[in-house]
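Have a look at the structure below before the remarks.
Lettering follows sequence order; numbering is per chain, from 1.
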Amino acid sequence: MNRELCYYFDMKFTSAYEPDKFEPEIYKEWESSGAFDPKAVDKKARTKASHKTTSSETYSIVMPPPNANGNLHIGHGLTIAIEDSLTRYYRMKGNTTWYIPGADHAGFETWVVYERKLEQEGHTRFEYSRDELYARVWNFVEEQRGNMELQLRALGASCAWNDLTFTLDENVVSRTYKTFEKMWNDGLIYRGKKLVNYCPKHQTAFADIEIDHIDEPGFLWDIKYNIVEESESSSEVAKENPLISEGVHERAQSVAGGTRTALRSARLDDDRNQTGFSQTRKKLSDSSLTYIVVSTTRPETLFGDQAVAVNPNDPRYKSLIGKHVRLPLTSRTIPIIPDEHADPEYGSGVVKITPAHDFDDFEVGQRHNLELLRVIDDEGNMTADCGETYAGLSTTACRKLVLKDLKAAGLLLDTHKISHSVAHCYKCGTVIEPTLKEQWFINTDPLKTRALKALKHNEIAFYPASKKSALITYFENLKDWNISRQIPWGIPIPMFKKQGTESAGTGQLNNASSPDWLFDPRTNLKEIEIGGVKYLRDEDTFDTWFSSSHWPIVCTDWTEETGSPFYPLNVMETGADILFAWIARMLMIGLYVTDEVPFREVCLHGLVLDAHGKKMSKSKGNVINPLELVSKYGSDAFRLGILRGRTMGLAQAFSEDSVKTGRNLCNKLWNISRLIDSWAEKNSKDSNTFSEASKENSQIFRGDYEGARSMAGVSRSASRSARLIDEKNLPEFSQAKKNVSNLSSLTVNMSEDWICREISNLISTLDKNLSTYRFSESVEALHECIWDKYADWFLESEKLFKNLPLLKLTLETLLKAAHPFMPFVTETIWQSLSWTSGLLINQSWAEPLDYDPISAESFERLKEAITEVRRVKNDLPGSFKSKSFDLLYGDDSLIADNADLVKLLTKCPNVLPTSGAPKGIRLALVGRELYLDVDEKTVKNYKSALTDRILSVGKDLNALEARMLNPRYVDKAPKALVEETRKGIEEKKSLISRLRQELDLIA
RNA sequence: GGGUUGUUAGCUCAGUUGGCUAGAGCACCUCGUUUACACCGAGGGGGUCGGGGGUUCAAAUCCCUCACAACCCACCA
């Protein structure tokens, strides 16, 4: 918010950060400032591609469109946390950054919701035409829309709202039609009769992922199929077969053909049943077989049988291949064919093949050129092909009768109880009937070949890399793509059928050779007339994945003529679960349409599980609503929480605790800023009353920002540096030392050089990790730098120095580095600080800070000493812990030079040089002449702690010595490493002797 | 059945090409109410890195094998 708004909201730094007080306003300000839109490019330039965008590198990323009709779930929360962090980072890096939002019409999901609504209102879909239904759902979705967009805003998504694309937008439809037309002209589109998952109640087809597989008890029936000689005629068979004369005959005579093998798995429930099978096998291994046993869970489909299959490697049946069997209850004979589909281990090893009613059997049928005979109609009743006895019956009624008749004929040999998984309509629970339907297919051969080539040439980098090989395997096994769906809510297929023509049947069709079907994009019309011939629009709609596979093309306004400066996308980030459904298809379509990969990198996040690592589901009641967490802890807290510990591609747990940690970090940063701002405020008040001379005098410490920045470097004391170098022999810094005189930094004290080093390290850590999508490490490094380093050490030290110019500079840098991950609180702080201007979102990315590396490293030594003082105090028994002791130092310039700081950080009342003989506890561990000035009594109480120390150091020493005792280690390991070990041993040895000495003194 | 990923502290996870004493957050223990922060500060305990073998001077890391878990694909007549 701008300064006036700040004032209006009384935006003083309160003692705790209150996200809900600032977030909505901050977001509004970002949005209205135009920060989300790619700055250098206006919409016209993009579409007309006026090539004015090359001044800065582009960065483009699309949002996987959430369901326009639904609420965001935890997966969206993670998606936005990742994508928006990337977006903000690259925007600050200076890229022309375009984060493109979207909304999904979510074809089937929305359709189910709407149809339920219709039902509740006492209507059914069959009361309306397809076009009416489409219009109704559109209005329904329109009412619901906006909710999802508000939630995206709450999560802080810095996306270009003006460019939001809905999956049914005109440009999506026209682009989809263009591709379809191209494919049609290229001969890649064909109409084929294939099996679909079909719900007889709703009379609609389902995609595989849209059906429920439920394990339930069932039966497996063993049916006797008699072997016949090929020369036998039906009538002869009838005579010879005594079973048929037992009243089954008449019915059997009228049966023209059969159908359908049942689906689903069968698993034997107990040993008794297995014994039954082995007996069966024994019979069958007889060479003089007169029949074979077929096991089925759906006997009613036998009328559709076109063959029985045996495994070609099954010795029991090898001799029978090519012979025929009589189909029970009918007069038909069908062949015994060899096919791998038959599993010798399962049942009798013989399976009946019903190509028109079972997915596997369909495949077998294709391999062996079997006829497709439908024996169940669209309503789920038996067709006339089952013979008059069975025709018209429901499948359930038919099954009963068939079983009765088989038993009567002595053809039903056995019944096994089994448990198998059955496909159900997930709307109404009706058992799915695999049903033969005419569908539009894409021949994927050329598409997947091209995609495989791109993958194998490493045109796309995958995070995690393993997903690439998964995709390659997928493409290698990819079948043709069924793109038609029988639901009204979707993009109409732009195909028109010549009126009066019957189904064109299976096989390849195209414009030239088949006038039965015409491509025409005018799908707003139900009927068109061309050359005096009327054509009716196909009622089917596209698979939503077909249109959404154009997403990178559509969202970047890519055109054939000009391409798009934002295509290919820099990264495609989405859930790993839609690698095949979406990523694979975008890749195929992208390459087909643009001849370029649609994205340069693919980054896939895994499933977000609940706190116990279980999948979230409504039925389990363990669903975490991201927006609830946002309102409870703030948007930044949620983002930090969900990114913490997250690795790409893995399904990982998530809980409120990590959000709390995020909230605490926000508050920490808030209070850091609050403290610094209060110092700055105080300073500006003071300086108003100071004389000019005193102002100048104190400029380094509390002078005005810019002025001090320019003269800071000079203030470094040469003698101080020299002393430090002498004291600590640190050859690794000798190179860096050369640059010390050129430093232009604002640092005056060691802690300042140190924090500048740490912040600089943070920036390079973030740069490195963000380019490889390592969010866990990024967030962890940020947390550590803000909390453990900046607040706990640097800021504590600055309570002594109050080097305002440096405080301001480091805080600004830290805010910039943190902004991609915690945008709201950093922006709120930025706008609350007294000296900053503009919006943080538009600032350039954090830059490394100048520092004196020797000085920075010296501060590590000082930290060690301070920590040791604190630790020794804590090691004292309870009653002494809270006591105050002076700290005495011998010939130790590091402590001497920083006595005030040491005093502040150790809370020792005095830090003084020793006078005369040392006394108290020597802080031997850090190897300094440092003494905690405690009385003799207290010293004695430290004895056990000291003994523990000696033991623990001894262990370390032993490990090191063991290493050196191995001659091959000394011989083969890198010299530097061996040298390090040698030094380590020396250090430990002298440490132990110091500690022993100390112990002796106490004792 | 095929494939992928995982198994590291009580919990959730880091540990990038083998090499500092295996790290973090939360939880736990001790101390502390100092005017930035109790959404806090100081200190601490806790791991034979799933089991077994191998390669190597050196393995959480590489190889083999077993076990367990999750997910994906296929299948369940």
Side-chain angles (χ1 to χ4, degrees), chain A residues 13 15-17 220 261-267 294-298 308-309 341-343 346-348 350-354 358-361 418 420-421 464 466-467 469-470 473-474 477 576-577 579-580 606-607 609 611-615 633 637 644-647 649-655 657-658 660-661 663-679 768-769 772 774 776-777 779-780 783-784 791-792 795-796 799 867 870-875 878 881-882 905-907 952 955-956 959-960 963 966-974 976-978 980-981 984:
Chain A
F13 279 106
S15 70
Y17 173 58
L220 186 64
T261 309
L263 43 161
R264 305 321 64 128
S265 78
R267 178 178 85 227
V294 173
S295 307
T296 181
T297 54
R298 299 203 58 188
V308 293
H341 171 59
D343 177 4
Y346 190 90
S348 62
V350 183
V351 56
K352 68 195 206 64
I353 304 298
T354 322
D358 180 275
F359 290 101
D360 295 317
D361 293 5
I418 57 159
H420 59 167
S421 105
S466 62
K467 297 294 175 189
S469 43
T473 313
Y474 174 79
N477 299 308
D577 54 329
L579 175 64
F580 302 144
L607 212 57
L609 308 172
H612 308 288
K614 300 283 175 225
K615 211 169 169 172
Y633 298 105
R644 171 173 292 276
R646 202 149 295 272
T647 306
L650 297 182
Q652 290 171 306
F654 170 69
S655 73
D657 281 347
S658 64
K660 277 186 197 166
T661 303
R663 186 264 319 259
N664 294 353
L665 183 63
C666 291
N667 191 54
K668 195 73 187 177
L669 190 55
W670 176 260
N671 272 290
I672 287 169
S673 310
R674 183 179 156 211
L675 178 64
I676 295 174
D677 194 62
S678 74
W679 288 344
K768 197 178 76 180
N769 286 318
T772 49
R774 291 167 171 269
S776 172
E777 278 146 296
V779 168
E780 202 173 298
H783 180 107
E784 195 188 1
D792 289 348
L795 215 48
E796 288 303 320
K799 283 177 178 170
T867 303
R870 290 166 171 174
R871 186 143 66 123
V872 169
K873 276 192 352 187
N874 253 293
D875 278 349
K881 264 181 204 177
S882 43
L905 297 182
T906 58
K907 309 237 185 301
S952 129
K955 262 187 196 168
D956 295 346
L960 290 176
R963 201 179 293 175
N966 181 350
R968 282 170 305 180
Y969 171 72
V970 181
D971 194 37
K972 290 194 176 179
L977 196 65
V978 177
E980 210 175 296
T981 312

Checklist entry - When the P atoms of C26(B) and A70(B) are considered, how many whole Å apart are they? => result 30 Å
Checklist entry - Mapping Lys615(A) and Val294(A) to their closest nucleotides on RNA chain B, which lands nearer the 5' end? => result Lys615(A)
Checklist entry - Looking across every strand, which nucleic acid part, if any, lies under 4.0 Å from Leu607(A) by heavy atom: base, sugar-phosphate, or nothing? => result nothing
Next on the checklist: Tell me every residue that passes side-chain hydrogen bond (donor to acceptor under 3.5 Å, both in side chains) with Tyr633(A), counting only those two or more places apart in sequence or in another chain.
Outcome noted: Glu656(A)
Checklist entry - ring-ring contact (aromatic ring centres under 6.0 Å, His included) with Phe580(A): which residues, sequence neighbours excluded? => result Tyr474(A)
Checklist entry - Which part of the nucleic acid, if any, lies within reach of Pro974(A) when heavy atoms closer than 4.0 Å are counted: base, sugar-phosphate only, or nothing? => result base
Checklist entry - Which letter, B, S or -, goes with each nucleotide of nucleotides 10-17 of chain B from 5' to 3', with contact meaning a protein heavy atom under 4.0 Å? => result --SSSSB-
Item to check | Distance, nearest 0.5 Å, that separates CD1 of Ile676(A) from CZ of Phe13(A) | outcome: 9.5 Å
Item to check | Sugar-phosphate only, base, or nothing, as touched by Asp971(A) at under 4.0 Å among non-hydrogen atoms | outcome: nothing
Next on the checklist: Run the side-chain contact (heavy atoms from CB on, under 4.5 Å) test against Leu607(A) and tell me which residues pass, sequence neighbours left out.
Outcome noted: Leu609(A), Lys615(A), Ala651(A)
Checklist entry - Atom OG1 of Thr647(A) and atom CD of Glu777(A): how far apart are they, to the nearest 0.5 Å? => result 7.5 Å
Checklist entry - Who are the salt bridge (charged side-chain N to carboxylate O under 4.0 Å, His left out) partners of Asp792(A), not counting sequence neighbours? => result none
Item to check | salt bridge (charged side-chain N to carboxylate O under 4.0 Å, His left out) against Glu980(A), all qualifying residues, sequence neighbours excluded | outcome: none
Item to check | Nearest-Å distance once atom C1' is located in both G3(B) and G19(B) | outcome: 34 Å
Next on the checklist: Between G6(B) and U61(B), how far apart are the two C1' atoms, rounded to whole Å?
Outcome noted: 15 Å
Checklist entry - How close or far is atom C1' of A74(B) from atom OH of Tyr474(A), stated in whole angstroms? => result 13 Å
Checklist entry - Of all the nucleotides listed (A36(B), U56(B), U21(B)), which has the minimum atom distance to the side chain of Leu675(A)? => result A36(B)
Checklist outcome for this item: Sorted by chain and residue number, the side-chain hydrogen bond (donor to acceptor under 3.5 Å, both in side chains) partners of Arg963(A) (sequence neighbours excluded) come out as none
Checklist entry - In whole Å, what is the span from the NZ atom of Lys614(A) to the P atom of A69(B)? => result 10 Å
Checklist outcome for this item: When rounded to whole Å, the NZ to C1' distance for the pair Lys972(A) and G19(B) reads 16 Å
Item to check | Integer angstrom distance from the P of C57(B) to that of G50(B) | outcome: 25 Å
Checklist outcome for this item: Sorted by chain and residue number, the salt bridge (charged side-chain N to carboxylate O under 4.0 Å, His left out) partners of Lys972(A) (sequence neighbours excluded) come out as none
Item to check | Separation of C71(B) C1' from Phe580(A) CZ (nearest whole Å) | outcome: 11 Å
Checklist entry - If you find the nucleotide of RNA chain B closest to His341(A) and the one closest to Lys467(A), which residue's nucleotide is nearer the 5' end? => result Lys467(A)
Next on the checklist: Protein within reach of the bases, or only the backbone? For nucleotides 37-47 of chain B, mark each nucleotide 5' to 3' as B, S or -, using heavy atoms under 4.0 Å.
Outcome noted: B-BSSBSS---
Checklist entry - About how many Å separate OG1 of Thr981(A) and CG of Asn966(A), when rounded to the nearest 0.5 Å? => result 11.0 Å
Item to check | Under the 3.5 Å Watson-Crick or G-U criterion, the dot-bracket string of RNA chain B, with | for inter-strand pairs | outcome: (((((((..((((.....[...)))).(((((.......))))).....(((((..]....))))))))))))....
Checklist entry - If the C1' atom of U8(B) is compared with that of U48(B), how far apart are they to the nearest Å? => result 12 Å
Item to check | Evaluation steps, side-chain hydrogen bond (donor to acceptor under 3.5 Å, both in side chains), between Arg674(A) and Asn671(A) | outcome: CA-CA 5 Å; Arg674(A) 183 179 156 211; Asn671(A) 272 290; 2.8 Å; yes
Item to check | Asn477(A) CG - A74(B) C1' separation (whole Å) | outcome: 10 Å
Checklist outcome for this item: Closest to the side chain of Leu977(A), out of G25(B), C20(B), G19(B), is G19(B)
Checklist outcome for this item: Sequence neighbours excluded, the answer for side-chain contact (heavy atoms from CB on, under 4.5 Å) partners of Lys955(A) is none
Next on the checklist: Taking only the C1' atom of each, what is the distance from G47(B) to A27(B) in whole angstrom?
Outcome noted: 16 Å
Checklist entry - With sequence neighbours excluded, what pairs up with Asp577(A) under the salt bridge (charged side-chain N to carboxylate O under 4.0 Å, His left out) test? => result none
Next on the checklist: Taking the minimum atom-to-atom distance to the side chain of Ser466(A), which one of C73(B), C57(B), U4(B) wins?
Outcome noted: U4(B)
Next on the checklist: If I pick the P atom on U5(B) and the same atom on U55(B), what distance separates them, to the nearest angstrom?
Outcome noted: 26 Å
Next on the checklist: Rounding to an integer number of angstrom, what distance separates U21(B) and A59(B) when you compare their P atoms?
Outcome noted: 13 Å
